[in-house]
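For reference, positions follow the sequence shown, starting with 1. All values derive from a computational prediction rather than experimental measurement.
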Amino acid sequence: MDYANWLSRKDLEYKNNQLYFSNFNVQELTVKYGTPLYITSEKIIRARYNEIDCVLKSVLHDYQIHYAVKANSNLSLLKILESEGSYFDCTSRGEIYSCLRAGIPSKKLLYTGNIFTDEDFKFAIENEVIINLDSLSQLYRVNKIYDSLKNEKKLISFRYNPEFGAGHHVHDITAGKNIKFGILDNQIVEAYQKAKDFDFHRYGIHIHIGSGISNVMKYQKAIEKFFSIIEKISKEVSIEFEFVDFGGGFGIPYHPGEETFNFDLYKELVIAPFKSLIEKGNIGNPQMKVEPGRFLTAESTILTTQINTIKDNGYKRFLGVDAGFNTLIRPMLYGSYHHIIPCYKLEKGEFLKYDIAGPICESGDILGKDREFSELKEGDYLAILDAGAYGFTMSSNYNSRPRAAEILLSKGTSYLIRKAETYDDLFRSQKIPNHLK
Ligand code: LLP
């Protein structure tokens with residue numbers, strides 16, 4: 001994909017050297033709301049949802065898209081996705097609360113945690129949220145909780161670890177023998193047998209092999225193994241599946257010119273074989289679920305920041321900005337690339353290389369290395385792209401910095417959807433013991 005198309009997919013363009021995002025002049029927004037600032041385009045979220053919806057619709061009748069709330073849990077984004085017909089995947093009670101607070105009914109939620117407490121289970125069971133269990137021992141605990149609450153045992157699902165994982169970074173590969181997630185072959189049949197013995201009578205099954213997958217071929221082995229275990233469980237335990245959940249992981253084009261996720265190949269390797277598996281008639285007539293997070297929200301948001309310090313130490317040039325790894329930790333944590341562009345582009349004079357440095361007191365607080373710009377000066381603004389997934393949700397108050405504001409662009413109007421934190425917010429929940437007062 002050429003650079004202009006790559007930018008326009010993200011609804012970005014330059015007009016008279018000024019950067020526009022969803023038809024808004026980015027610098028004007030940034031001056032109005034202050035920096036750092038997460039700016040989200042409603043249009044892009046809707047477009048990405050429809051992209052996935054069209055792919056699934058072209059092969060299957062029965063499917064649900066569960067947005068992975070961990071990517072971005074802002075209530076307005078949850079509401080946008082719900083209005084498109086989305087379901088949701090939550091990884092914590094807090095994420096379930098977020099969905100309920102956004103007015104999403106609990107029947108649209110899945111709870112795919114990992115290390116659950118009994119309180120987590122109790123909360124999910126009381127709210128009738130479907131749970132993807134992560135271990136055999138959790139089944140025993142959940143069973144006890146159902147018995148003590150005297151709730152009817154209905155649907156239960158387990159996360160299977162197919163041992164073939166993939167992802168943009170080793171921290172985000174979630175299948176394999178040494179990985180903490182899911183149940184391996186040695187216990188998965190037993191898990192369903194036990195669930196049946198305990199009187200659960202509706203079943204789902206789940207995998208999620210990793211995050212930020214750009215090579216679709218990486219799904220192949222995991223899917224083959226997944227399908228054979230589904231058949232094995234159906235046969236040996238004599239059960240049918242109500243849903244098969246393929247997790248998320250669809251990558252996005254972070255690098256200029258990078259191609260988008262190859263859904264044609266995904267159809268060929270995952271969706272069509274799933275349809276054939278159902279047609280064989282041995283596993284019931286399960287619904288397909290997917291759990292995209294990044295794909296739905298990453299490209300919807302730019303993070304704007306102001307340059308306050310330009311420094312040339314004789315060896316290296318630094319652009320010092322007011323967003324750091326407290327605002328976007330992905331470059332520091334995973335070495336991830338986020339493209340960074342100026343809000344006003346002169347493109348005159350010499351291009352120089354800079355590291356974009358945040359204000360955090362660690363040398364690792366670099367948002368981009370060796371990026372080329374011409375004619376930048378202190379006071380100018382930059383936009384960091386693709387910050388809508390795992391941006392705000394992974395932000396922190398490190399170095400006692402209040403979290404940044406979020407705004408939403410919708411049909412020509414900008415809305416503040418989260419106020420920037422104040423310094424008072426940093427102290428709100430602290431208490432000083434009497435002897436120190
Ligand atoms: N489903 C489950 C069970 C997951 O654990 C995840 C992500 C997803 C769905 C959504 O994956 P996605 O479609 O967004 O790739 N902080 C990392 C990503 C961590 C993902 C964790 N699980 C990052 O910034 O790249």
Side-chain angles (χ1 to χ4, degrees), residues 66 89-93 96 106-107 109-165 174-209 222-247 277-278 281-289 291:
H66 286 255
D89 177 56
C90 302
T91 198
S92 67
R93 258 186 286 167
I96 296 177
S106 57
K107 64 175 191 305
L109 311 182
L110 269 181
Y111 191 5
T112 313
N114 166 221
I115 307 297
F116 293 93
T117 65
D118 284 358
E119 288 70 32
D120 293 333
F121 285 139
K122 199 161 167 257
F123 178 75
I125 292 165
E126 281 170 345
N127 283 283
E128 298 199 34
V129 175
I130 299 170
I131 310 170
N132 284 315
L133 292 177
D134 199 66
S135 79
L136 186 54
S137 72
Q138 289 177 357
L139 174 67
Y140 287 82
R141 285 165 51 211
V142 156
N143 186 52
K144 268 198 194 143
I145 295 168
Y146 267 101
D147 286 344
S148 71
L149 293 173
K150 298 198 173 32
N151 276 31
E152 192 197 344
K153 290 172 201 168
K154 291 185 207 151
L155 223 171
I156 199 73
S157 173
F158 293 94
R159 178 173 183 158
Y160 172 59
N161 176 337
E163 293 179 45
F164 293 103
T174 50
K177 277 202 171 62
N178 294 315
I179 298 286
K180 68 170 181 157
F181 293 102
I183 301 177
L184 296 172
D185 291 302
N186 63 336
Q187 288 183 319
I188 192 75
V189 177
E190 186 187 348
Y192 284 92
Q193 184 59 59
K194 263 285 154 222
K196 192 177 172 188
D197 297 346
F198 284 150
D199 261 353
F200 288 95
H201 47 272
R202 293 165 55 203
Y203 309 94
I205 190 162
H206 172 270
I207 55 168
H208 171 73
I209 65 166
I223 294 298
E224 283 170 10
K225 207 165 164 215
F226 191 31
F227 289 173
S228 75
I229 209 77
I230 292 173
E231 286 191 297
K232 186 173 169 174
I233 296 165
S234 292
K235 188 161 170 243
E236 292 187 11
V237 188
S238 285
I239 58 169
E240 295 194 334
F241 284 97
E242 212 160 285
F243 71 79
V244 175
D245 182 345
F246 292 80
L277 175 71
I278 299 174
N282 303 325
I283 65 161
N285 194 13
Q287 172 189 72
M288 179 172 188
K289 290 184 186 294
E291 299 169 351

Determine whether Phe116 and Ile131 make a side-chain contact, defined as any pair of heavy atoms from C-beta on separated by less than 4.5 Å. yes

Quick one, Ile233 and Phe241 - any side-chain contact, counting heavy atoms below 4.5 Å? yes

Gap between atom CD of Glu152 and atom CZ of Phe200 - 0.5 Å precision: 10.5 Å

Close aromatic pair by centroid cut-off 6.0 Å: Tyr146 and Phe121: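 No, they do not, as the ring centres are separated by 6.0 Å or more.
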
Does the ring centre of Tyr192 sit less than 6.0 Å away from the ring centre of Tyr160?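 That pair fails the under 6.0 Å test.
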
List the residues meeting ring pair (Phe, Tyr, Trp, His ring centres under 6.0 Å) with Phe164, not counting sequence neighbours, and say none if there are none.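 Per chain and number, Phe164 pairs via ring pair (Phe, Tyr, Trp, His ring centres under 6.0 Å) with no residue.
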
Could you tell me which non-hydrogen atom of [X] sits nearest to which non-hydrogen atom of [Y], and how far apart they are?
X	Y	answer
Ala222	Ile209	CB-CG2, 3.8 Å
Pro162	Ile207	CD-CG2, 4.0 Å
Leu155	Ile130	CD1-CD1, 3.9 Å

Salt-bridged, Lys177 to Glu163, with N to O below 4.0 Å?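 Looking at Lys177 and Glu163, the cut-off is met.
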
Keeping Arg159 on the side-chain end and Thr112 on the backbone end, is there a donor-acceptor pair under 3.5 Å? no

Is a side-chain N or O of Gln187 found less than 3.5 angstrom from the main chain of Ile183, in a donor-acceptor match?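 Absent.
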
